[in-house]
Amino acid sequence: MINNLYVFAIGGTGARVLRSLTMLLAAGVEMKANRIVPIIIDPDEGCGSTSETVTLMNLYQDIYSALSHTGSLEAFNTEIKKLPFPNDYVLPLCGNIKTPFEDYIDYANMSKENQALMNMLFSEENLQTRMDKGFLGNPNIGSVVLNQFSKSEEFKKFATEFSEKDGIFIISSIFGGTGASGFPLLLKNIRTIGDVANAALLKTAKIGAVSVMPYFNLDDITVDGKDSVIKSDTFMQKTKAALSYYEKNMGQLEVLYYIGDDDRKAQSNVEGGARQQNKAHFVELASALAVFDYAESWEKLVSKKCLYKEFGIESKKSDKITFTDLCKKTYSQIAERMTELALASKFMRDALDDSTSQTWYGNYTNVSQNDFDSFTQKYLDWLDEMSEIDRGTTFVPFSLDDTPNDVFGFVNNVKTKRVASLKSNWDLANDRLNDVSPSAVTKAAKDTEGRFAAHVMLAMKRLVKEKINL
Amino acid sequence: MGKVFRLHNMGKDTLQGWSPIDSAYTSEMINSMEDPSGATARHEITSIPSPFARIDLVKNAFTMVNKDNGNNLDGDTIYHKMVSHALDIGQIFFNLDVYTSQNNKCIDLIKWGKTDIKQLTDGDDVSGGLKLMGRTLNLFITQDSSCYNFDSLNGLYLLRYTAKGGPMTIIGATSPATLFYSTANDFSFVGEKIKFGKHKALSQTDFVPLYKRTDEKYILYLYALREADKKNFAKKFPEVNKYLDLTFAKLSQDLRKRIDGLSTDSVSSTFEPLNVSSGVPVEVIGIPLYKKKQSDDEIGKISDFAIQTDKKLDRLPLVLPTDRFAMPWKYVTAQWDPDTEVPIDPKDDNGQFVDPEYRILPDDGSVYPYLVVNDFLEKQIFELPRVDVDQKNFFNGNLVDKSGFPHGYLLPVKRRYFDYFTIDDLKKNIKLECITAPQEDVSVKVTLTFPVRGGNIELSRIYNHQVSSEALNPRDGVILTRDFTLVLYPMTKFSNGEQPDYRVNLLTRDNWQPSLQFVSQDGRNVPIIAQDDKNRDAQGKKPDADGPSIPMYAVQQSFEAIEISEGGTTGLMIPEWRGVKGSATFEFAIDFGTTNTHVEYCVPGGHPKPLDISGQSIQLGMLSKDVENNTNYFFPFRANNIPLTLGDDTHFPMRTILSYKTSTNWNQPTYPYVTGNLSFCYGSQETRAYNKEETELKWTNSMDVKSMISCYLSSIMMVIRNKVVMEGGDLSKTKITWFYPTSMPAGRVATISTIWNNLYTDYIDKNPSDKINSMPESIAPYNYYSKYREAGVDVLSIDIGGGTSDALVMDSKGEPAFITSFRFAANSLFGDAFSRGGLNQNGWVKTFQPIINNAVTSNGLNTIEKVLHGVAGNLISADYISLLFSLCDNKVVKNKHCEKKVDFMQMLKDNEGAKTLLLIFYTAIIYQLARIIKAKRESGLPVREPEKITFSGNGSKLLQIIGVDTEEGKETLEDLTKAIFEKVNEREYPHARVSIVTEPQQPKEVTCKGGLIKETNPKLNQIQKLTQTFLGTKEPKFVSEEKYDTLTENDFNGVYDALEDFADLFFTLAEEFDFPSSFTTIPNDQLLTYRDTFVKGNDTRLTNALKFLGLLNKQEKIEDTLFFYPITSILNELAKKIL
C-alpha cells in the first residue's frame, strides 16, 4: 500500500479531476494509499477550477482531521495532505508570468542565433502571449515556463520527502495548454532530477498518469467579442499531435490512463481566470477513479514497463449514465459509497432543519453551519453538474429533487427495499440517527464536528443498506 | 456491448472500468480518431509540449498527408499547409543563391549551433529567463533525442527574411526530423518576392505538394539527396521518405526515369554544395545540402524563351511576352503559365527602372536577364506628315498600309536591340502595320519578332495619335508627327580600308531641333566629325527665318542606322545601302577654271565623259519621297547637298562658285557640304540668306581663299569618291589629273598643288604616289585634238578660259615646242578690266541687262529674275555675263521653253559691236601667238606657222560670235588668221591654209578629256623649260629672270610699240577683209574713230593694270605678258561705246 500518493494535478482539467477525487474520497471510495498529497500545477492563479478544488480539499481535510479513522466508517477516510506551499497545494512558478513570453525568457538578451531559434520555434503569437492565464493551448510555451520544477524549493521539498513507498500520479489534459505541457515536462523533471537526496528513487518511482483527451467542446468561437485563442475545432488535432508525441516520447511511465469522450457537447468558452470553472463531468470522475486504480495496482507495477489502460462502462449509452450502466467493478467500487454520501447530503439539505428537535441532534446544536454541511452541499452541486443534460455524456446516478414522500427512491434504476418499521422517509432517517450507537460515534471522531459527520454518515450507511437495493 | 471512453475506434468495447489495453496508442489508433473538423482544419496546432513542437508538428504533418496511400498528397488542411511550407523552405534553400544575390537580397542565412545554448545557460542571467530556456532546450534535446534525431544534431540553419517584416523574421529552417520546416507565422508576404512558378512561397491558401512543383530540378534534388544514403535517410526521415515514395508514383514518366537513374553520387555531381561559408556546408544532421547550379546561363540554355542570336553573349536573356501568351513552352523550371504577368516596365521597389541584367524573372524569382517590349520599342513613334518613307533609300519597317494615304514612320526601336541582333535581323523581323483606329484615325502597330529557342515570339505595341493620358492604354504608344526629312550620301557602305565619309543633312520645320546619332553595327555611337546648321547663326537665330533648320553632319566611320532623338524618344532610320563594289580604276581630270570648272572621268575601256551621277548610281538618299517637290525643303536641299543627279540639268562644266555659310570662320577646320560646297544650283535658284557665294577662287590671293579653294575642290572630291565607291571602283587605284595655267605664278601653282595632294590623301587614298598628276592647261587640249582630230604636227593649241588663255605649239616633228599662257580670256572681254567699276560701268551689262531683264520678266521667269538680281548684287560683271550665257541652259528657262528668249550668245551674234569687240579680242590673241612663233622660229626652233589651230576652253565658245560655228564663218576666220600670221611673219604662209578646229558644244571639256589622254604629258621640268613668257614688247623678248621691279622704260615703250603695231595690223585687216561685210561688225568708218583709243593712253592702262594686280614694281618674276593688259582695258572702254 502506498504511503504517500503524490497527485500532480496540472491545469484546469487536473484541478477538476482532483475535485472528483476528493468527492470520491469523501464518499469513502477505497483508496489504497495512506494519504493523498495533491500538488496543483497551474500558472492560472485565478483559475476557478483550482480555487474550487483547493477550497473543497481544505474542507475535506478539516472533516478528515475531525475524524479518527478507527472504526468502520469509510467516508473521509483518506488523508489529503498539504505540502507546505505558500499557496495551499499550488506549486509556485518562478518569474513574472504576467509578462509576454518573450520577456519571460529574456529574448532581448539572447544572442542573434538564439533569437533566430526562438523566432523559428515559437510563433509571434507565442512570443507575445502572457501566461498568467495559463498557456492557452500553447503547451510549447508551457514546456518552457513549467520547466522549473527541479529548481523550485517546493519541488525539492517533494523530492526530499519522497520515499520508496510513495507513489506519483499525474493528472493532465492533452488538448489544452498547461496540462499538455506540464505533464511530459513534469515527468522529464522527475526522471532527470539530479541534485536531491532521493534522485535515484525518483528515477525509478512508479509513476502513473491519466491523460484526459477531449470530452467537451467549447461553445463560442468568440470570447468577449474577440476570436478565442482556444478553439475547440483544434482539440482533436492537438490531441492527435500530442498523442503522437507521447507515443514517441513518453516511455517513462509505469501506467498511463487514456480517457476521452467522443460524445461531446459544448461548454461555454472562458479563457482562463475565475470564470474557468467548467462543470463537472463523468470523465473527470472516471479519471479520478484512475488514481484509485493506480493505487490498487501500485504494488504490481513494474518499473519502466508501462501499462496502458482505458475506461469502460457496461452500457453503450452515453446520456444519463446511472450506476447500473457502470461495469460491475466500478459499480461495486463507488455505488454504495456515493449513495451513502448522497443520502447524507440530501438529508443535510432537505431534512436537517426539520430534525433539530430530534434526540440525536441534541449533541450538535452548535454545529449547524459545520464543514460537513458545506461539503455535502458541494457534493450535491458536483452531482448536479454531472447530470446536466448539455454536457454530452451525463452521469445521473441520483434524482436529487426533494421528494419527502420517497426519500430513498433517489438512486436511479435502483429499487428501494422495504424495511420493517412504522417510520418512513425522513422520519425513518431520524429514527436511524437516533439509533446510532454513541460509542461508535465517539470512537469515530475526535470532536463534535467530527462526531456530527460520523453520526450522520453512520446512520446513512445503515439506511442505504436497509432501504436501497444496490 | 459497452462504452469505452476513448476517441479512437480500434479496441474492444467491453472494458470493465479501468482495464489494460495492449499498448500505448499507436499511430494507427491515433489516426483512427475522428476529427470532425480535420478535413478543413486551418488553425495552427500548438499542443506539443515541447519547445521543439514545430519540428514535431511538421513531422506529424507529413504523416498525416502520407495517409491514404498517396491519395492525400493534395489538400488544404493544416497538415498540407505545413508540408507545403516545409517544401517551400527546402526550395528556398535549393535556390538560396537567388535570394542572397546582391541584386535580389531578401534572405540571410543564420546558423544556430547546439553550442549556442551555452549563451543561455552560462550567462549572468538576472531574470532566469535565459537559463530557463537553455535548460529546457537541453532537457528536450536530451529526452526527445531519438525521435527527432537530436542526437545527430549539430545545429539548425535558419532563413531570415530581410525584405519585409521585423528584424528577426525567421521564415524557416532545416529540421533534423523532416529536412526543412517553417514557422507557424503567417509570412505570406514572402510570396511577394519568392515564387516558384505561380506558387507563392509560404502562401496561406495555396499548398503545393511536391509532385506538383514546377521545378523538376528541385524534385530531382530531394530524391538525389535521399539516394546519397538511402538507408539512413529512410531511418532518419521516415515521414519524408514515405512522402517521397508516395510522390514518386505521381511524377511524370520522364522524371521517374531520371530518379530511377540516380546513384549515390548524383546529388554531388548534379548540384552544387550549399555552403554557409567557404567549405562549411549547410547540413541536416550531418547530411550536406545542395543547391541548384546557378550557373546563370543555365536558364538561357533550357528556356524556350531564351533569345537566339549569332552574337556571342555570356548569357542568353529571355524574351518575355507582356501580352497573353499561351504556347506550352518551357519557361524556367516549368511550362509557361499564360497567367504569368510580365511587367511592361520592370521596376524595382523604389520605382526605378531595372536593367535587364538585374531583373527578377516573374513567377520564378531568379535574377536573370529578361527583355520585354519596352526594352526594344519606344513609347513614342515619329511619323512623317503624310509622306511615305522612300524605300529605295531607307527601310520602311515592312510597312503594311491599306489606308490609301501615305504614311512614313521611323522605327521606334531602341538601341538595345543591337545588343542582340544586327540591322539585317531587324529588317527581317520588324513589321509596321497601319490599323484604323477609332475616329478614323490611323494607328500603327509595330511588331518585333524574336527568334527564341521555342520558336518565335512577337512583341508589339500599338501607337495612337495623342489621346488623353487617361485613355491611353499603358501598353500602347503615342504617335509624334514631325515635319522633317533627311538626306544622306553616299548611300553606300565603304569597303575595308576605305575611309568612310558621309554627309547627313537633316531638314526640320516647326523649329524642331532633335539630335542625331549614328549607330554602328553593335549599337555604339559613331563620332560625328563635324556638325553645323547653316541656317543658324552664332546667336542661334535663323538668317532665313522661314526656312527649315538644316543641320549637316559629317561622319567618317561606318554606321548602320541613324537615330533621331527628341527628349529621350528615339527613332531609327536604316539606310538601304547600295552601290557596286569593285576594283576598277577610275581616272578623273579636274579642270578648275576661273569661271567654270569641269570634271571628266573615264573607266577602263570607256571614253572620257563629264562627271555624272545617273539614275543607276544616285549617291544621295532621301528619307521621304517628296523632298524634291516639297517647297519647304527643296531650296536648302539643292543648295547644300550634292545633286541627286548630275549630267542633265545640273552638269559639268559648272560655274566655279563656292557657296558657303555666311558666318564661316575660315581659320577653323572646314568640311565640304558642312561649311560650303560647289554651288550646284547656281543660277537656278536664289541664294539663301545664310549662304554666301565666292566666284573669284582661282586667282585671288588670301588665306581665306586658300581654304575656300580647298572646300570647293573637296566638295567635288566627295562626289568623285562617292562615284568610285558606288560604281565598282577602287579608291586606291583612282587617278586624278588637275590642270594649271602656265601663266600662274609658280608659288600659286605650288599652293594649289599642295591643296590637291591633300585632297587626294583626304578623299581618295592615303598614298598618292603617281596617282595624282597635274598638267598644263595648254597641253591637255592638244592631247584631245591629237587623238580625235588628227592634230599632229605644226599645231597651235589655244585654250581660252575665263581668266587665262593657254597655248601650246607643236613643232614640225610633233614635239611640244613651247607653251605660253596669258591672262587674257573671256573675262578680259566681259569683265571690268582693272577696276572695281561694277556692273554700272560695264558696257556689256549696260547694254544687255535691260534686254535680258525684259525677256525674263515678260516670260514670268521670276526665279531667274531673283537670281540675276542676286548675282548683280555681287558687283562682278564677269559673273553676271557668265550667268547670262548659262541662261539658255537653265532648267527653269527650259521648263518654260524660253531658251531662245534669253539666248545671250545669239544676242551677241546679232550685235555688231559685240562682234567687233570679239574680232579685236581674237586678233590680239593670234597676233601675239604669231609673234611668239616667229620669234621662236627665228631663234632656231623647228616651229613654223601652224597648219591647225585648235581651240578649247569655254572662252573659245565666243568665237561663235564671229562665226566659227558655221562653215563659211570658219573659213573667213581661217583666212583672217592666215593673214595675221603672214603679216606678222612677213612671209607667205607655209601651208596651203590654216584650219581652225573647235569643239563647239563642249570646248571646256576638251582640257579634261585631253588630260585623261596621257599621250603627251611632259614632266614638270620639261614643262618649265617649254614654258615661255613673251614680254609683249614689239621687239621679241622672252622673260628669263626679269621681275616687275626691273622692267625698264624700254620694256614699257616696247609694249606700247607692240600695241601700236597691233593697231596697225588690225585696222589694215579691217580694211582688207572688210570686217563689216565678212563679220558684220560696226562700219569701218565708225571703227576708225576708235583707232586713237588703241594707241593713246596705253602707258596709263599698263601701269593701272599692274597696280591693280599688285604687280607694279614688285620684286616678283614676270609670269604673264604685259601685252594684253592694255588691250583688256581698251576692250572694256570700247564696250561702253560701241555696244
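Within every chain, numbering begins at 1; the chains are lettered A, B, ... in the order of the sequence lines, protein sequences first and strands thereafter.
- For A:Ser287, the part sitting under 4.5 Å from any heavy atom of chain B is the backbone (N, CA, C, O) and nothing else.
- Only the side chain of B:Leu156 comes within contact range of chain A, with at least one heavy atom under 4.5 Å from a heavy atom of that chain.
- Among A:Asn114, A:Ile259, A:Thr330, A:Leu307, the residue with the largest count of heavy-atom pairs under 4.5 Å with chain B is A:Asn114.
- With a 4.5 Å cut-off on non-hydrogen atoms, A:Ile141 does not touch chain B at all.
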Test side chain to side chain contact (heavy atoms under 4.5 Å, CB included) applied to B:Leu7 and A:Leu243, step by step
CA-CA 11 Å; B:Leu7 303 178; A:Leu243 279 172; over 6 Å; no

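- Heavy-atom pairs under 4.5 Å with chain B peak, among A:Asp325, A:Leu289, A:Val283, at A:Leu289.
- Taking each heavy atom of B:Lys3 and A:Asp261 in turn, the nearest pair found is NZ-OD1, 2.9 Å.
- Heavy-atom distances place no part of B:Thr169 under 4.5 Å from chain A, backbone and side chain included.
- With contacts defined as side-chain heavy-atom distances shorter than 4.5 Å, the pair A:Asp262/B:Asn9 does not qualify.
- The local environment of NZ in B:Lys67 is crowded, with over 12 non-hydrogen atoms from other residues, nucleotides or ligands closer than 6.0 Å.
- Only the side chain of B:Phe187 comes within contact range of chain A, with heavy atoms under 4.5 Å apart.
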The test is side chain to side chain contact (heavy atoms under 4.5 Å, CB included); show your working for A:Met120 and B:Tyr181 and say whether it passes.
CA-CA 9 Å; A:Met120 185 67 220; B:Tyr181 74 120; 3.2 Å; yes

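- Of the atoms belonging to B:Ile30, heavy atoms from both backbone and side chain fall under 4.5 Å from chain A.
- Taken to the nearest 0.5 Å, the CD1 atom of B:Ile110 stands 9.0 Å off from the CD atom of A:Gln115.
- Put simply, the side chain of A:Lys328 never gets that close to the backbone of B:Gln16: no donor and acceptor are under 3.5 Å apart.
- Within the model, atoms CG of B:Asn185 and CG of A:Leu127 stand 8.0 Å from one another, a figure rounded to the nearest 0.5 Å.
- To the nearest 0.5 angstrom, A:Glu310 atom CD is 9.5 Å from B:Ser19 atom OG.
- Between chain A and the residues B:Ala61, B:Gly11, B:Ala173, the largest count of heavy-atom pairs under 4.5 Å involves B:Ala173.
- Only the side chain of A:Asp293 comes within contact range of chain B, judged by heavy atoms closer than 4.5 Å.
- Contact of the B:Leu132 side chain with the A:Asn147 side chain is registered, since non-hydrogen atoms from C-beta on lie closer than 4.5 Å.
- Ranking A:Ala286, A:Gly260, A:Ser297 against chain B, the residue ahead of the rest is A:Gly260, based on heavy-atom pairs under 4.5 Å.
- Between chain A and the residues B:Trp18, B:Phe140, B:Trp112, B:Phe52, the largest count of heavy-atom pairs under 4.5 Å involves B:Trp18.
- With a 4.5 angstrom heavy-atom cutoff, B:Asn31 touches chain A only via backbone atoms.
- The residue among A:Lys240, A:Glu296, A:Gln333 with the most heavy atom pairs within less than 4.5 Å of chain B is A:Lys240.
- Atom CD1 of B:Ile170 and atom CE of A:Met118 lie 11.0 Å apart (nearest 0.5 Å).
- Taking 4.5 Å as the limit, every side-chain heavy atom of B:Leu15 sits out of range of all side-chain heavy atoms of A:Phe311.
- Within the 4.5 Å cutoff, no side-chain heavy atoms of A:Met213 are placed close to those of B:Arg6.
- Summarising the geometry of B:Ser50 relative to A:Ser143, their closest heavy-atom pair is C-OG, 3.3 Å, with the distance given to 0.1 Å.
- Using a 4.5 Å cut-off between heavy atoms, A:Phe292 makes no contact with chain B at all.
- In this structure, the side chains of A:Asn189 and B:Leu139 come closer than 4.5 Å at one or more pairs of heavy atoms.
- A distance of 12.5 Å separates CD1 of B:Ile117 from CD of A:Glu113, quoted to the nearest 0.5 Å.
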Full working for side chain to side chain contact (heavy atoms under 4.5 Å, CB included) between B:Leu137 and A:Leu121
CA-CA 11 Å; B:Leu137 294 176; A:Leu121 297 176; 4.1 Å; yes

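- Here the side chains of A:Met110 and B:Asp116 are not in contact, with every heavy-atom distance at 4.5 Å or above.
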Under the salt bridge (Lys or Arg N to Asp or Glu O under 4.0 Å) criterion, do A:Lys188 and B:Asp144 qualify, and how do the steps go?
CA-CA 10 Å; A:Lys188 287 179 204 299; B:Asp144 295 350; 2.8 Å; yes

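- With a 4.5 angstrom heavy-atom cutoff, A:Ser111 touches chain B via backbone and side-chain atoms both.
- Neither the backbone nor the side chain of A:Tyr294 comes within less than 4.5 Å of any heavy atom in chain B.
- Between A:Tyr107 and B:Met133, every side-chain heavy-atom pair lies at or beyond the 4.5 Å cut-off.
- The distance from atom CD1 of B:Ile21 to atom CG of A:Leu256, rounded to the nearest 0.5 Å, is 8.0 Å.
- Side chain of A:Asp106 to main chain of B:Leu130: no donor-acceptor pair is present (N/O by atom type, distance under 3.5 Å, no hydrogens or angles).
- The shortest non-hydrogen separation linking B:Ala53 to A:Asn140 is CB-CB, 3.6 Å.
- With a 4.5 Å cut-off on non-hydrogen atoms, B:Lys12 does not touch chain A at all.
- Side chains of B:Arg160 and A:Asn119 form no contact here, defined as non-hydrogen atoms less than 4.5 Å apart.
- Around atom NZ of B:Lys114, more than 12 heavy atoms belonging to other residues, nucleotides or ligands sit under 6.0 Å away.
- In this structure, no portion of B:Leu159 lies under 4.5 Å from any heavy atom of chain A.
- Classified by interplanar angle (parallel below 30°, tilted 30° to 60°, perpendicular above 60°), the ring pair B:Tyr25/A:Tyr258 is parallel.
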